[in-house]
A.B. asks: 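Mind having a look at this structure? Questions to follow.
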Amino acid sequence: MYESQGRYSEAEPLLKRSLKISEEQLGSTHPDTATSLNNLAGLYESQGRYSEAEPLYRRSLEIMESQLGADHPSTATNLNNLANLYLSKGSYEKAEPLLKRSLQIREQQLGKDHPDTAVSLNNLAVLYFNQNRLGEAEQLIAQSLSIRLKVLGENHPTTQSSIQNLSNLVKVALEQDRTAELSDHLLTRRILLQLRKQNPGSSSVDIANENPH
C-alpha cells in the first residue's frame with residue numbers, strides 16, 4: 001500500500017523486515033523468501049535504484065528456478081520482473097530473451113488466453129516498440145488486447161491500458177507513415193480508422209510495460 005502511494009521510506013523497512021523473517025524462519029532458498037526479495041526489488045525499481053534492485057531480482061529468480069522449476073508460472077513472473085528492470089535501463093538485449101522465456105512458460109503452463117500471458121505479450125511489445133520495431137510490437141499488443149477483452153472485459157483497467165497502448169502505437173505508425181507495417185488485426189484497423197478521421201497532430205507518445213509483483 002505504501003509503495004502504491006509513493007511512500008517509499010515507510011514501505012522499505014516493512015519489506016526488509018518481511019525478508020528477514022522469511023530468511024530466518026523458512027530459509028534463504030524458500031519460495032516465500034524469493035517473493036520477499038522480489039517485492040523489495042520492486043520497491044527499489046520504483047525509485048530508480050536499479051543497481052540495488054537487480055541482484056535481488058536475480059536471487060529471487062534463482063530460488064524460484066531451483067525450488068519450483070524452470071517452467072513454473074512463478075518463475076515466469078520473476079523473469080518478467082527482471083526483464084522489466086532491463087527495459088527501464090534500456091538494456092534491451094538482456095530483456096528480450098527473458099521476456100520470450102516468460103511468455104513461453106505462461107503459454108504452456110497457463111494457456112494462451114490467460115491474463116498473465118497477456119502481460120508477457122504486452123511487455124515484449126514494449127521492447128519492440130522501444131526498438132522501433134512497430135510491426136512486431138503491434139501484433140503482440142493486439143493479441144494481448146484480444147485476450148483481455150475476452151477474459152476481463154472492455155472496462156477492466158488493464159484492458160483499457162492495452163487499448164491505450166495499441167492506440168499510441170498506431171498513432172506513431174500513422175505519424176511516421178509506417179501503417180503498411182501494421183497487421184490486418186480488426187482492433188488495429190478500427191483504431192487506425194478512428195485516428196485517420198480525427199487527423200491527430202504530431203506528438204510524442206509511449207506505451208507502458210507492466211510489472212505486477
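What you see is a predicted model; the values in this text were computed from it and never measured. Hydrogens, waters and symmetry mates play no part in the numbers below; they use all other heavy atoms, side chains included.
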A.B. asks: Under 4.0 Å between a side-chain nitrogen and a carboxylate oxygen: does that hold for Glu175 and Arg196?
C.D. replies: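 The answer is no: the pair does not qualify as a salt bridge.
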A.B. asks: Hey, is the main chain of Ser120 close enough, under 3.5 Å, to the side chain of Ser102 for a donor-acceptor pair?
C.D. replies: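 No: the side chain of Ser102 does not pair with the backbone of Ser120.
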A.B. asks: For residues 17-26, pull every pair meeting salt bridge (charged side-chain N to carboxylate O under 4.0 Å, His left out), keeping only residues two or more places apart or in separate chains.
C.D. replies: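 Listed by first then second residue: Glu23-Arg59.
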A.B. asks: Are Leu37 and Met64 linked, directly or through other ILVMFWY residues, by side chains that come within less than 4.5 angstrom of each other?
C.D. replies: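 Looking at the clustering, Met64 is in a separate group from Leu37.
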A.B. asks: Using the salt bridge (charged side-chain N to carboxylate O under 4.0 Å, His left out) rule, collect all pairs that involve residues 121-141, keeping only residues at least two apart or in two chains.
C.D. replies: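 Listed by first then second residue: Glu96-Arg133, Arg133-Glu136.
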A.B. asks: Calculate, to the nearest 0.5 Å, the distance between atoms CG and CG belonging to Asn38 and Leu15 respectively.
C.D. replies: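 So the gap between those two atoms works out to 10.5 Å.
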A.B. asks: I'd like to know if Leu110 and Val119 are part of one continuous hydrophobic network [Ile/Leu/Val/Met/Phe/Trp/Tyr, side-chain heavy atoms within less than 4.5 Å].
C.D. replies: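 No, separate clusters.
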A.B. asks: Considering only heavy atoms from C-beta outward, does the side chain of Asn130 approach that of Val126 to under 4.5 Å?
C.D. replies: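 In contact.
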A.B. asks: Enter the distance from Tyr44:OH to Tyr57:OH here, rounded to the nearest 0.5 Å.
C.D. replies: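 It is 12.0 Å, given to the nearest 0.5 Å.
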A.B. asks: If you take all heavy atoms of Ile141 and Ser162, which pair is closest and at what distance?
C.D. replies: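 Scanning both residues completely, I find the closest heavy atoms to be CG2-O, 4.0 Å.
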A.B. asks: Ignoring hydrogens and angles, tell me if any N or O in the side chain of Ser88 forms a donor-acceptor pair with the backbone of Asn84 under 3.5 Å.
C.D. replies: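 Judged by distance alone, yes, a pair lies under 3.5 Å.
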A.B. asks: Partners of Asn132 by side-chain contact (heavy atoms from CB on, under 4.5 Å), sequence neighbours excluded?
C.D. replies: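 Result, side-chain contact (heavy atoms from CB on, under 4.5 Å) vs Asn132: Leu134, Gln176, Arg178.
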A.B. asks: Who else is in Leu186's hydrophobic cluster (ILVMFWY, side-chain heavy atoms under 4.5 Å, direct or via others)?
C.D. replies: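 The other cluster members (ILVMFWY side chains, heavy atoms under 4.5 Å, direct or chained): none.
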A.B. asks: Just wondering, are more than 12 heavy atoms of other shown residues or ligands nearer than 6.0 Å to CD in Gln5?
C.D. replies: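 Yes, CD of Gln5 has more than 12 neighbouring heavy atoms, counting only those of other groups under 6.0 Å.
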A.B. asks: Which residues satisfy the side-chain contact (heavy atoms from CB on, under 4.5 Å) test with Ser36, sequence neighbours excluded?
C.D. replies: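 Testing Ser36 for side-chain contact (heavy atoms from CB on, under 4.5 Å), a comparison that skips the adjacent residues, returns Ser18, Leu19, Ser22.
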A.B. asks: Would you call Asn122 and Leu140 a side-chain contact if the rule is heavy atoms closer than 4.5 Å?
C.D. replies: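 Counting from C-beta outward, Asn122 and Leu140 never come under 4.5 Å.
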A.B. asks: Just by modelled atom types, is the Glu62 backbone N or O under 3.5 Å from a matching donor or acceptor in the Ser66 side chain?
C.D. replies: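 Yes, the answer is positive, given that a donor and an acceptor are paired below the 3.5 Å cut-off.
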A.B. asks: From Lys171 NZ over to Gln194 CD, what is the distance, rounded to the nearest 0.5 angstrom?
C.D. replies: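 So the NZ of Lys171 and the CD of Gln194 are separated by 13.0 Å.
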A.B. asks: Taking the side chain as everything from C-beta on, heavy atoms only, tell me whether Pro31 gets closer than 4.5 Å to Leu68.
C.D. replies: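 Side-chain contact under 4.5 Å: yes.
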A.B. asks: So, for Ser28 and Ile63, which heavy atoms are closest and what is the spacing to 0.1 Å?
C.D. replies: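 Distance-wise, the nearest heavy atoms are O-CD1, 3.3 Å.
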A.B. asks: Is there side-chain contact between Leu40 and Leu43, with at least one heavy-atom pair below 4.5 Å?
C.D. replies: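 Touching, per the 4.5 Å side-chain cut-off.
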A.B. asks: Do you know which two heavy atoms are closest between Ser60 and Thr35, and how far apart they sit?
C.D. replies: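 Closest heavy-atom pair between Ser60 and Thr35: OG-N, 4.4 Å.
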A.B. asks: Who clusters with Leu26? Use side-chain heavy atoms, under 4.5 angstrom, across I, L, V, M, F, W and Y, and order the result by chain and number.
C.D. replies: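 Result for Leu26 is none, singleton.
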A.B. asks: Quick one: side-chain hydrogen bond (donor to acceptor under 3.5 Å, both in side chains) partners of Thr159, sequence neighbours excluded?
C.D. replies: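 side-chain hydrogen bond (donor to acceptor under 3.5 Å, both in side chains) check on Thr159 returns nothing, list empty.
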A.B. asks: If you take all heavy atoms of Gly42 and Glu3, which pair is closest and at what distance?
C.D. replies: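 Smallest interatomic distance, heavy atoms only, reads O-OE2, 3.3 Å.
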A.B. asks: Quick one: salt bridge (charged side-chain N to carboxylate O under 4.0 Å, His left out) partners of Arg7, sequence neighbours excluded?
C.D. replies: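 Applying salt bridge (charged side-chain N to carboxylate O under 4.0 Å, His left out) to Arg7 gives Glu10.
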A.B. asks: Once rounded to the nearest 0.5 Å, what's the spacing between atom CD of Glu107 and atom CG of Asp116?
C.D. replies: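 Reported to 0.5 Å precision, the distance equals 12.0 Å.
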A.B. asks: Checking side-chain hydrogen bond (donor to acceptor under 3.5 Å, both in side chains) for the pair Thr77/Arg106: CA distance, chi angles, key distance, verdict?
C.D. replies: CA-CA 9 Å; Thr77 297; Arg106 285 171 167 170; 3.2 Å; yes
A.B. asks: Mind checking salt bridge (charged side-chain N to carboxylate O under 4.0 Å, His left out) for Asp32 and listing every partner two or more places apart, or none if nothing turns up?
C.D. replies: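 Scan of Asp32 (salt bridge (charged side-chain N to carboxylate O under 4.0 Å, His left out), adjacent residues dropped) gives none.
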A.B. asks: Do side-chain atoms of Thr188 reach the backbone of Asp184 as a donor and acceptor pair under 3.5 angstrom?
C.D. replies: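 Not a single qualifying donor-acceptor pair exists.
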A.B. asks: Tell me, do Arg189 and Leu182 make a side-chain contact under 4.5 Å, heavy atoms counted?
C.D. replies: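 They are in contact (side-chain heavy atoms under 4.5 Å apart), so the answer is yes.
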A.B. asks: So, Glu65 side chain and Thr75 main chain: donor-acceptor pair closer than 3.5 Å or not?
C.D. replies: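 Judged by distance alone, no pair lies under 3.5 Å.
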A.B. asks: Can you tell me if Thr117 uses its side chain to pair, donor with acceptor, with the backbone of Asp113 under 3.5 Å?
C.D. replies: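 Between the backbone of Asp113 and the side chain of Thr117 there is no qualifying donor-acceptor contact (under 3.5 Å).
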A.B. asks: Rounded at 0.5 Å granularity, tell me how far CD in Gln143 sits from CG in Leu124.
C.D. replies: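 Gln143 CD to Leu124 CG: 10.0 Å, rounded to 0.5 Å.
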A.B. asks: Other than Leu14, which residues form its hydrophobic cluster under the rule that side-chain heavy atoms must be closer than 4.5 Å?
C.D. replies: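 Once heavy-atom contacts under 4.5 Å are chained together, Leu14 belongs with Met1, Tyr2.
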A.B. asks: Does Asn165 reach the side chain of Leu145, with side-chain heavy atoms less than 4.5 Å apart?
C.D. replies: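 They are not in side-chain contact.
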A.B. asks: State the CG-CZ distance between Leu121 and Arg148, to the nearest 0.5 angstrom.
C.D. replies: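 Those atoms lie 8.5 Å apart.
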A.B. asks: Residues two or more places apart in sequence or in another chain: which of them pass salt bridge (charged side-chain N to carboxylate O under 4.0 Å, His left out) with Asp177?
C.D. replies: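 Asp177: no salt bridge (charged side-chain N to carboxylate O under 4.0 Å, His left out) contacts found.
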A.B. asks: Return each pair, listed once, that meets salt bridge (charged side-chain N to carboxylate O under 4.0 Å, His left out) where at least one residue sits in residues 79-91; pairs must be two or more places apart or across chains.
C.D. replies: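 Applying salt bridge (charged side-chain N to carboxylate O under 4.0 Å, His left out) to every pair that reaches into residues 79-91, excluding sequence neighbours, yields Glu54-Lys89.
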A.B. asks: With side chains defined as the heavy atoms from C-beta onward, is the minimum distance between Gln160 and Ile163 less than 4.5 Å?
C.D. replies: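 The answer is yes; the side chains approach within 4.5 Å.
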A.B. asks: Are Leu195 and Leu166 connected in the hydrophobic side-chain network, where two residues link if heavy atoms are under 4.5 Å apart?
C.D. replies: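 In one cluster: yes.
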A.B. asks: Do Leu149 and His156 have side chains that approach each other closer than 4.5 Å (heavy atoms only, starting at C-beta)?
C.D. replies: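 A side-chain contact is absent here, since even the closest heavy-atom pair is not under 4.5 Å.
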